[in-house]
Amino acid sequence: MTGPGTTTDDRPGAFASLGARFVANLLDLVVITIPSMIVSRVLADAPGRAGDAVVTALVSLYFIVSYSAAGRGYSVGKFMLGIRVVDALGNPLSVSAAAVRWFLSIGIALPLIFLAIGFERGLPLQTGPAFAICVPILCVVVVDSYMAVANRESHRSLHDVAAGSFVVRREHTGTVPATESFGRSHFAWMALCCVL
(Lines give C-alpha, C1' and ligand atoms only; values in the text may rest on other atoms or scores of the structure.)
Protein backbone atom coordinates (compact mmCIF):
# COMPACT_ATOMS: atom_id res chain seq x y z
CA MET A 1 0.00 0.00 0.00
CA THR A 2 1.31 3.42 -0.91
CA GLY A 3 0.39 6.81 0.42
CA PRO A 4 1.35 10.41 -0.23
CA GLY A 5 5.10 10.86 -0.56
CA THR A 6 5.79 7.19 -1.28
CA THR A 7 6.78 5.81 -4.63
CA THR A 8 6.76 2.40 -6.20
CA ASP A 9 9.84 1.15 -7.98
CA ASP A 10 8.94 -0.63 -11.20
CA ARG A 11 12.50 -1.06 -12.42
CA PRO A 12 12.93 -4.75 -11.50
CA GLY A 13 9.89 -5.56 -13.66
CA ALA A 14 10.89 -3.42 -16.62
CA PHE A 15 14.10 -5.03 -17.84
CA ALA A 16 14.58 -8.47 -19.37
CA SER A 17 16.66 -10.88 -17.33
CA LEU A 18 20.09 -11.98 -18.50
CA GLY A 19 18.79 -15.55 -18.81
CA ALA A 20 15.89 -14.50 -21.05
CA ARG A 21 18.26 -12.52 -23.27
CA PHE A 22 20.62 -15.49 -23.53
CA VAL A 23 17.88 -17.99 -24.45
CA ALA A 24 16.38 -15.54 -26.96
CA ASN A 25 19.81 -15.21 -28.61
CA LEU A 26 20.11 -19.01 -28.83
CA LEU A 27 16.69 -19.22 -30.50
CA ASP A 28 17.67 -16.50 -32.96
CA LEU A 29 20.86 -18.42 -33.72
CA VAL A 30 18.76 -21.42 -34.71
CA VAL A 31 16.44 -19.21 -36.78
CA ILE A 32 19.30 -17.68 -38.79
CA THR A 33 21.48 -20.81 -39.05
CA ILE A 34 19.04 -23.00 -40.99
CA PRO A 35 18.33 -20.53 -43.84
CA SER A 36 22.00 -19.53 -43.88
CA MET A 37 23.06 -23.14 -44.43
CA ILE A 38 20.53 -23.52 -47.25
CA VAL A 39 21.70 -20.32 -48.96
CA SER A 40 25.36 -21.34 -48.55
CA ARG A 41 24.66 -24.73 -50.17
CA VAL A 42 22.74 -23.17 -53.06
CA LEU A 43 25.51 -20.61 -53.67
CA ALA A 44 28.42 -22.98 -52.99
CA ASP A 45 29.66 -22.69 -56.59
CA ALA A 46 29.19 -18.91 -56.81
CA PRO A 47 32.38 -16.97 -57.65
CA GLY A 48 34.42 -15.45 -54.85
CA ARG A 49 32.57 -14.99 -51.59
CA ALA A 50 29.18 -14.26 -53.11
CA GLY A 51 27.52 -16.86 -50.88
CA ASP A 52 29.06 -15.34 -47.75
CA ALA A 53 27.94 -11.86 -48.83
CA VAL A 54 24.34 -13.00 -49.38
CA VAL A 55 24.22 -14.78 -46.00
CA THR A 56 25.66 -11.69 -44.27
CA ALA A 57 23.07 -9.46 -45.96
CA LEU A 58 20.19 -11.75 -44.94
CA VAL A 59 21.34 -12.01 -41.31
CA SER A 60 21.84 -8.24 -41.16
CA LEU A 61 18.38 -7.63 -42.61
CA TYR A 62 16.79 -10.05 -40.12
CA PHE A 63 18.13 -8.24 -37.05
CA ILE A 64 17.84 -4.68 -38.34
CA VAL A 65 14.22 -5.18 -39.41
CA SER A 66 13.39 -7.04 -36.17
CA TYR A 67 14.58 -4.25 -33.88
CA SER A 68 13.21 -1.37 -35.96
CA ALA A 69 9.58 -0.24 -36.28
CA ALA A 70 8.86 -2.95 -38.88
CA GLY A 71 9.55 -5.69 -36.32
CA ARG A 72 8.31 -3.64 -33.32
CA GLY A 73 11.52 -4.53 -31.44
CA TYR A 74 11.04 -8.29 -31.61
CA SER A 75 13.26 -10.91 -33.17
CA VAL A 76 11.77 -14.42 -33.23
CA GLY A 77 13.74 -15.40 -30.12
CA LYS A 78 12.81 -12.27 -28.20
CA PHE A 79 9.15 -12.64 -29.16
CA MET A 80 9.12 -16.22 -27.86
CA LEU A 81 10.69 -15.09 -24.55
CA GLY A 82 8.37 -12.10 -24.17
CA ILE A 83 11.08 -9.44 -24.39
CA ARG A 84 11.78 -6.67 -26.90
CA VAL A 85 14.36 -4.05 -27.86
CA VAL A 86 13.36 -0.41 -27.41
CA ASP A 87 14.87 3.06 -27.18
CA ALA A 88 14.74 5.24 -24.05
CA LEU A 89 11.17 6.32 -24.88
CA GLY A 90 9.98 2.72 -25.19
CA ASN A 91 9.72 2.82 -28.98
CA PRO A 92 11.35 0.43 -31.49
CA LEU A 93 14.78 1.56 -32.66
CA SER A 94 15.42 3.66 -35.74
CA VAL A 95 16.95 1.76 -38.67
CA SER A 96 20.35 3.36 -38.02
CA ALA A 97 20.27 2.49 -34.29
CA ALA A 98 19.20 -1.08 -35.13
CA ALA A 99 22.13 -1.32 -37.57
CA VAL A 100 24.59 -0.10 -34.90
CA ARG A 101 23.19 -2.60 -32.39
CA TRP A 102 23.46 -5.44 -34.89
CA PHE A 103 27.02 -4.58 -35.87
CA LEU A 104 28.33 -4.47 -32.32
CA SER A 105 26.41 -7.52 -31.11
CA ILE A 106 26.81 -9.88 -34.08
CA GLY A 107 28.35 -8.11 -37.04
CA ILE A 108 31.62 -7.55 -35.20
CA ALA A 109 32.08 -11.33 -35.11
CA LEU A 110 31.70 -11.74 -38.88
CA PRO A 111 35.46 -11.42 -39.56
CA LEU A 112 35.99 -14.34 -37.15
CA ILE A 113 33.35 -16.33 -39.01
CA PHE A 114 34.97 -15.56 -42.36
CA LEU A 115 38.35 -16.51 -40.90
CA ALA A 116 36.92 -19.89 -39.81
CA ILE A 117 35.33 -20.42 -43.23
CA GLY A 118 38.67 -19.62 -44.86
CA PHE A 119 40.43 -22.23 -42.70
CA GLU A 120 37.75 -24.76 -43.60
CA ARG A 121 38.34 -24.06 -47.30
CA GLY A 122 42.10 -24.38 -46.90
CA LEU A 123 42.81 -20.63 -47.05
CA PRO A 124 44.66 -19.94 -43.77
CA LEU A 125 45.88 -16.43 -42.99
CA GLN A 126 49.33 -15.56 -41.79
CA THR A 127 49.65 -15.21 -38.01
CA GLY A 128 49.92 -11.40 -38.09
CA PRO A 129 46.68 -10.74 -40.03
CA ALA A 130 44.83 -13.38 -38.00
CA PHE A 131 45.82 -11.66 -34.73
CA ALA A 132 44.98 -8.24 -36.22
CA ILE A 133 41.45 -9.53 -36.84
CA CYS A 134 40.93 -11.60 -33.69
CA VAL A 135 42.37 -9.46 -30.87
CA PRO A 136 40.24 -6.30 -31.31
CA ILE A 137 37.11 -8.38 -31.91
CA LEU A 138 37.71 -10.48 -28.80
CA CYS A 139 38.23 -7.30 -26.75
CA VAL A 140 34.87 -5.94 -27.93
CA VAL A 141 33.23 -9.28 -27.09
CA VAL A 142 34.83 -9.25 -23.60
CA VAL A 143 33.66 -5.68 -22.90
CA ASP A 144 30.18 -6.43 -24.28
CA SER A 145 29.83 -9.54 -22.10
CA TYR A 146 31.29 -7.87 -19.00
CA MET A 147 28.88 -4.95 -19.25
CA ALA A 148 25.86 -7.25 -19.65
CA VAL A 149 26.75 -9.03 -16.39
CA ALA A 150 27.99 -5.98 -14.44
CA ASN A 151 24.90 -3.90 -15.23
CA ARG A 152 22.84 -6.01 -12.84
CA GLU A 153 19.66 -4.00 -13.19
CA SER A 154 19.32 -3.35 -16.91
CA HIS A 155 21.94 -5.81 -18.31
CA ARG A 156 22.83 -3.12 -20.85
CA SER A 157 25.88 -4.16 -22.81
CA LEU A 158 28.18 -2.32 -25.19
CA HIS A 159 25.89 -2.79 -28.19
CA ASP A 160 22.95 -1.43 -26.17
CA VAL A 161 24.87 1.66 -25.07
CA ALA A 162 26.10 2.34 -28.62
CA ALA A 163 22.59 2.03 -30.07
CA GLY A 164 20.78 3.73 -27.18
CA SER A 165 18.74 0.56 -26.73
CA PHE A 166 17.28 -1.38 -23.81
CA VAL A 167 15.85 -4.89 -23.64
CA VAL A 168 12.60 -4.81 -21.69
CA ARG A 169 9.79 -7.20 -20.87
CA ARG A 170 6.86 -7.24 -23.26
CA GLU A 171 4.53 -5.89 -20.55
CA HIS A 172 6.59 -2.74 -20.01
CA THR A 173 5.26 0.33 -21.80
CA GLY A 174 6.36 3.93 -21.88
CA THR A 175 9.75 5.37 -21.13
CA VAL A 176 12.50 3.15 -19.79
CA PRO A 177 13.28 3.70 -16.08
CA ALA A 178 16.57 5.40 -15.23
CA THR A 179 19.29 3.14 -13.90
CA GLU A 180 22.46 3.73 -11.93
CA SER A 181 25.47 4.88 -13.94
CA PHE A 182 28.32 2.50 -14.61
CA GLY A 183 31.04 2.94 -11.95
CA ARG A 184 34.54 3.98 -13.01
CA SER A 185 36.15 0.93 -11.42
CA HIS A 186 34.39 -1.22 -14.02
CA PHE A 187 36.42 0.38 -16.81
CA ALA A 188 39.63 -0.74 -15.13
CA TRP A 189 38.27 -4.28 -14.82
CA MET A 190 37.26 -4.31 -18.50
CA ALA A 191 40.72 -3.11 -19.54
CA LEU A 192 42.33 -5.81 -17.39
CA CYS A 193 40.09 -8.49 -18.94
CA CYS A 194 41.09 -7.33 -22.43
CA VAL A 195 44.79 -7.38 -21.55
CA LEU A 196 44.48 -10.90 -20.15
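No experiment lies behind these values; they were computed from the predicted model shown. Along the sequence shown, the residues carry numbers beginning at 1.
When all heavy atoms are compared, the tightest approach of Val55 to Ser36 is CG1-OG, 3.6 Å. Here the shortest heavy-atom pairing between Ala16 and His155 reads O-CD2, 3.5 Å. Residues Pro92 and Gly73 share a closest heavy-atom pair of CB-N, 4.1 Å. Considering every non-hydrogen atom in both Val176 and Val168, the closest pair reads CG2-CG1, 4.4 Å. The minimum heavy-atom distance linking Gly77 with Leu27 is given by the pair CA-CB, 3.8 Å. Closest approach of Asp28 to Ser75, counting heavy atoms only: OD2-OG, 2.6 Å.
Within the model, atoms CD1 of Ile34 and CD1 of Ile38 stand 7.5 Å from one another, a figure rounded to the nearest 0.5 Å. Atom NZ of residue Lys78 and atom CZ of residue Arg21 lie 6.5 Å apart, to the nearest 0.5 angstrom. Distance check, rounded to the nearest 0.5 Å: CG of Leu81 to OG of Ser17 gives 8.0 Å. Atom-to-atom distance recorded for Leu104:CG and Ser157:OG is 9.0 Å, nearest 0.5 angstrom. Interatomic distance, OG1 of Thr179 versus CZ of Phe15, reported as 5.5 Å (0.5 Å rounding). Atoms CZ and OG, on Phe103 and Ser60 in that order, are 10.0 Å from each other to the nearest 0.5 Å.
For the pair Val86 and Asn91, the minimum side-chain heavy-atom distance is 4.5 Å or more.
For the pair Arg84 and Phe166, the cation-pi test (distance below 6.0 Å, angle within 45°) is failed.
Under a hydrophobic-cluster definition in which Ile, Leu, Val, Met, Phe, Trp and Tyr are linked whenever side-chain heavy atoms come within less than 4.5 Å, directly or via other members, Phe79 and Leu93 are assigned to different clusters. Cluster annotation: Trp102 is connected to Val95 through the hydrophobic network of ILVMFWY side chains, with a link wherever side-chain heavy atoms come within less than 4.5 Å. Side-chain heavy atoms closer than 4.5 Å link hydrophobic residues (I, L, V, M, F, W, Y) into clusters, and following such links, possibly through other members, connects Val161 to Ile83. Follow the hydrophobic side-chain contacts under 4.5 Å out from Tyr74 and you never reach Val59; the two are in separate clusters. Linking Ile, Leu, Val, Met, Phe, Trp and Tyr whenever their side-chain heavy atoms come within less than 4.5 Å puts Val31 and Ile64 in one cluster.
Within 6.0 Å of atom CZ in Arg72, 12 or fewer heavy atoms from other residues, nucleotides or ligands are found, so the atom counts as exposed in its surroundings.
In terms of the side-chain hydrogen bond (donor to acceptor under 3.5 Å, both in side chains) criterion, residue partners of Ser165 (sequence neighbours excluded) are, by chain and number, Arg101, Asp160. Considering only residues two or more places apart in sequence or on other chains, Tyr62 meets the ring-ring contact (aromatic ring centres under 6.0 Å, His included) condition with none of them.
Between the side chain of Asn151 and the main chain of Arg156, a donor-acceptor pair closer than 3.5 Å is present.
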